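One structure below.
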Protein chains: 2
Amino acid sequence: METKVSGGPVSCPCRPSCEGPTADCDRTLTTPQRVFKGSRSAQEVVAALPLFDGILPDVLNRLLADSATITRRRSTLLFGAGDEADCFYIVLDGAVKLFALAQDGRESIVEIFGPGTSFAEAAMLSTGRFPLHSEVIEDATLIRVGRRAFLYTLHSDHALAYRMLAALVKWNRRLAGEISDLKELTPWQRVAEFLLAQTPATEGRVEVLLPFNKEVLASRVGIRRESLSRVLGRLRVLGVHTSGNAVRIDDVDLLRRACFEAGSGRS
Amino acid sequence: METKVSGGPVSCPCRPSCEGPTADCDRTLTTPQRVFKGSRSAQEVVAALPLFDGILPDVLNRLLADSATITRRRSTLLFGAGDEADCFYIVLDGAVKLFALAQDGRESIVEIFGPGTSFAEAAMLSTGRFPLHSEVIEDATLIRVGRRAFLYTLHSDHALAYRMLAALVKWNRRLAGEISDLKELTPWQRVAEFLLAQTPATEGRVEVLLPFNKEVLASRVGIRRESLSRVLGRLRVLGVHTSGNAVRIDDVDLLRRACFEAGSGRS
DNA sequence: AGGGCGACTTGATCTTGGTTAAGGGGTCCG
DNA sequence: CGGACCCCTTAACCAAGATCAAGTCGCCCT
């Protein structure tokens with residue numbers, strides 16, 4: 001199982017969205033490097049999830065007793081919308097997307113999850129079916145946690161339930177934020193915001209690694225591949241240079257200000 | 001306190017979004033009329049909220065003991081983003097919008113709440129601050145429920161906590177759905193979807209009343225007022241005729257099919 | 001080396017929504 | 001009655017994505 005994904009919690013940057021109240025998103029990214037790759041045990045990763053923060057060891061063990069670590073190659077469908085939600089997933093390595101499928105077969109990515117994040121917990125709580133499709137976009141190592149164990153854990157640990165509430169709320173805000181971004185920012189502003197979200201830096205020159213390919217990024221910000229190319233071209237005058245997955249931002253602050261000041265820009 | 005808002009749960013139609021896990025949205029609308037106006041007591045309305053379904057009478061009373069019914073005129077700011085969230089609201093009558101403010105002062109409406117819905121509960125669960133602004137858009141009668149009472153109720157009734165989890169999840173789906181709509185549907189498709197969501201009918205001729213004015217509707221679907229005019233003009237050939245807030249759809253099924261078939265239409 | 005493929009870029013053209021500006025038609029109020 | 005708003009519509013223009021169609025580059029495979 002070898003993967004090329006860059007390490008950070010790719011789900012957080014910018015304003016992703018969707019299935020699973022992981023809400024790891026307030027965390028600022030360090031430079032995107034493969035930090036999790038094999039460096040932590042499943043237990044450590046799970047205990048570090050915001051959702052399971054402070055979980056008792058024996059509860060954790062019971063949870064993991066009904067789990068399995070699996071590896072899946074890129075392009076593998078994890079589940080389809082409407083499938084019975086009998087488990088949720090924790091990403092140890094690689095990346096997974098959640099997406100909706102339009103009538104004409106086009107997909108729009110609603111969220112992307114990277115190492116150290118979990119998703120689809122929420123599906124088990126209401127309808128018991130996944131509302132979206134999920135596919136592996138970078139060869140991945142995942143933990144599948146069974147529905148039964150999760151629900152048991154949830155009911156046996158009220159604090160967990162409340163943490164989960166808080167996580168869902170936080171995640172909701174991300175979604176709401178993304179909606180306003182889609183409504184009031186131009187595509188290039190969304191791209192710029194995404195890039196800015198990839199680095200904790202607030203000024204100076206920075207190199208960031210795109211956590212996934214441009215097709216995916218385009219879908220993520222709601223434009224077409226070709227348009228993304230053009231946008232990146234136009235951003236060059238603002239000191240944004242890309243080569244492959246590497247992006248150099250000459251002046252983070254400049255970019256940010258340009259992004260904000262262009263308020264009126266709605267396409 | 002006289003209001004003109006049309007009665008149904010205006011928050012549900014189509015794919016709204018945002019603050020407050022009311023998630024009343026699965027409910028299909030009956031004809032939009034003023035059904036709640038003075039016809040139900042506060043207790044009845046609250047007990048009918050999905051969130052408080054099956055609540056015990058004494059728990060309910062305790063909750064309402066720390067509440068107040070207030071009336072607010074249109075254009076009143078209920079709270080601003082960042083304000084301390086010391087209560088949540090239940091709409092008895094009228095309508096309230098939740099919106100984000102862009103740097104340049106433009107607002108984008110993220111959600112609209114009508115009679116029989118509640119909002120902003122979620123704000124009290126994490127940061128304790130409202131993430132968005134809220135303003136009354138139709139003279140409204142509201143119940144303000146205190147934070148303390150709500151949290152007490154939540155902690156004293158675990159079933160409530162789980163219902164709230166489910167409600168949040170449901171609400172999250174709406175948000176996710178809205179995000180994909182924004183990404184993969186054209187403006188006119190979103191308008192059409194909104195109109196279709198205003199009626200339970202699936203075929204034949206229907207009259208619907210827009211639950212709010214066109215400026216608001218435009219913001220709701222993420223376009224400008226002028227564009228909405230154009231869109232409605234273009235929809236005329238599909239049998240959609242508007243005069244004021246009344247919209248007549250000659251053939252619901254035709255409109256729906258046109259909306260779906262145009263899959264590729266992105267802008 | 002050569003073929004094929006996937007990811008990305010570029011260009012020409014078309015559509016459409018934003019922008020700006022003007023105007024129509026209510027209603028309220030002096 | 002006249003004027004001030006408010007809400008909405010229209011029209012003209014423009015910028016920017018979408019679309020369609022090549023075309024490039026790197027990489028894997030044989």
Side-chain angles (χ1 to χ4, degrees), chain A residues 2 4-5 73-75 95 102 104-108 137-139 182-192 209-237 240-247 262-267, chain B residues 2 4-5 73-75 102 104-108 137-139 181-192 209-237 240-247 262-267:
Chain A
E2 57 107 27
K4 285 168 297 185
V5 78
R73 304 210 63 93
R74 160 182 210 176
S75 296
D104 65 341
R106 289 190 196 199
E107 61 179 53
S108 76
I137 55 175
E138 300 287 355
D139 294 353
L182 284 169
K183 282 185 184 173
E184 65 194 23
L185 296 184
T186 64
W188 76 260
Q189 284 176 305
R190 296 201 295 273
V191 171
L209 274 183
L210 297 181
F212 27 74
N213 72 29
K214 304 216 173 131
E215 175 91 49
V216 172
L217 174 55
S219 176
R220 175 69 185 64
V221 296
I223 58 177
R224 308 240 152 267
R225 192 169 65 259
E226 301 93 321
S227 297
L228 176 60
S229 267
R230 279 186 258 270
V231 164
L232 288 174
R234 237 176 302 157
L235 284 180
R236 252 195 296 279
V237 303
V240 176
H241 303 262
T242 82
S243 75
N245 271 7
V247 179
S264 60
R266 199 68 198 76
S267 185
Chain B
E2 58 108 26
K4 284 169 298 183
V5 78
R73 303 210 64 93
R74 158 180 211 177
S75 295
D104 65 341
R106 287 189 198 201
E107 61 178 53
S108 74
I137 55 175
E138 300 287 356
D139 295 352
D181 278 2
L182 284 169
K183 281 185 183 172
E184 65 194 24
L185 296 184
T186 64
W188 76 260
Q189 285 176 306
R190 296 201 296 272
V191 172
L209 274 185
L210 297 181
F212 26 76
N213 72 29
K214 305 220 170 127
E215 175 90 52
V216 172
L217 174 54
S219 176
R220 175 66 188 65
V221 295
I223 59 177
R224 307 241 151 269
R225 194 168 64 258
E226 300 91 326
S227 298
L228 176 60
S229 269
R230 276 191 291 227
V231 165
L232 289 174
R234 236 176 300 158
L235 284 180
R236 251 194 297 279
V237 303
V240 176
H241 303 263
T242 82
S243 74
N245 271 6
V247 179
S264 58
R266 199 66 197 79
S267 187

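The model shown is predicted, which means the values in this text are computed figures rather than measured ones. Below, each value reflects all heavy atoms present in this structure, side chains not excepted, and no hydrogens, waters or symmetry copies. Protein chains get the first letters and strands the later ones, always in sequence-line order, with residue 1 at the start of each.
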Provide, to the nearest angstrom, the distance between the [atom1] atom belonging to [X] and the [atom2] atom belonging to [N].
X: A/Leu182; N: D/dG17; atom1: CG; atom2: C1'; result: 15 Å
X: B/Asn245; N: D/dC6; atom1: CG; atom2: P; result: 18 Å
X: B/Arg190; N: C/dT16; atom1: CZ; atom2: P; result: 14 Å
X: A/Leu235; N: D/dG17; atom1: CG; atom2: P; result: 10 Å
X: A/Arg225; N: D/dC20; atom1: CZ; atom2: C1'; result: 12 Å
X: A/Ile223; N: C/dT9; atom1: CD1; atom2: P; result: 12 Å
X: A/Glu226; N: D/dC20; atom1: CD; atom2: P; result: 10 Å
X: A/Phe212; N: C/dA7; atom1: CZ; atom2: C1'; result: 16 Å

Give the minimum heavy-atom separation between [X] and [Y], together with the two atoms involved.
X: A/Ile137; Y: A/Arg74; value: O-NE, 3.6 Å
X: B/Gln189; Y: B/Glu184; value: OE1-O, 4.4 Å
X: A/Ile223; Y: A/Pro187; value: CG2-CB, 3.5 Å
X: A/Lys183; Y: B/Arg220; value: NZ-O, 2.9 Å
X: B/Leu235; Y: B/Trp188; value: CD2-CE3, 3.8 Å
X: A/Lys214; Y: A/Leu210; value: CE-CD1, 3.9 Å

Checklist entry - Of B/Leu228 and A/Thr242, whose closest DNA chain C nucleotide lies nearer the 5' terminus? => result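 First, find each residue's nearest nucleotide; the 5'-ward one identifies A/Thr242.
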Next on the checklist: Within the 4.0 Å heavy-atom criterion, would you say A/Glu215 contacts the bases, only the backbone, or no part of the nucleic acid?
Outcome noted: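 A/Glu215: backbone/sugar contact only, no base atoms under 4.0 Å.
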Item to check | Secondary-structure string, 5' to 3', Watson-Crick or G-U under 3.5 Å, | for another-strand partners, for DNA chain D | outcome: ||||||||||||||||||||||||||||||
Next on the checklist: I'd like to know if A/Arg230 reaches the base of C/dG11 with its side chain such that a donor and an acceptor end up less than 3.5 angstrom apart.
Outcome noted: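 Check passes, donor-acceptor contact within cut-off.
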Item to check | Presence of donor-acceptor pair under 3.5 Å, side chain of B/Arg234 and base of D/dT9 | outcome: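 When only heavy-atom distances are counted, B/Arg234 does not reach the base of D/dT9 through any donor-acceptor pair under 3.5 Å.
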[N] OP1/OP2 closer than 4.0 Å to side-chain N/O of [X]:
X: B/Arg106; N: C/dT19; result: yes
X: A/Ser229; N: C/dT9; result: yes
X: B/Arg224; N: C/dT19; result: yes

Checklist entry - Pick one: which of B/Asp181, B/Leu182, B/Val191 meets side chain to side chain contact (heavy atoms under 4.5 Å, CB included) with B/Val221? => result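 Only match with B/Val221 under side chain to side chain contact (heavy atoms under 4.5 Å, CB included): B/Val191.
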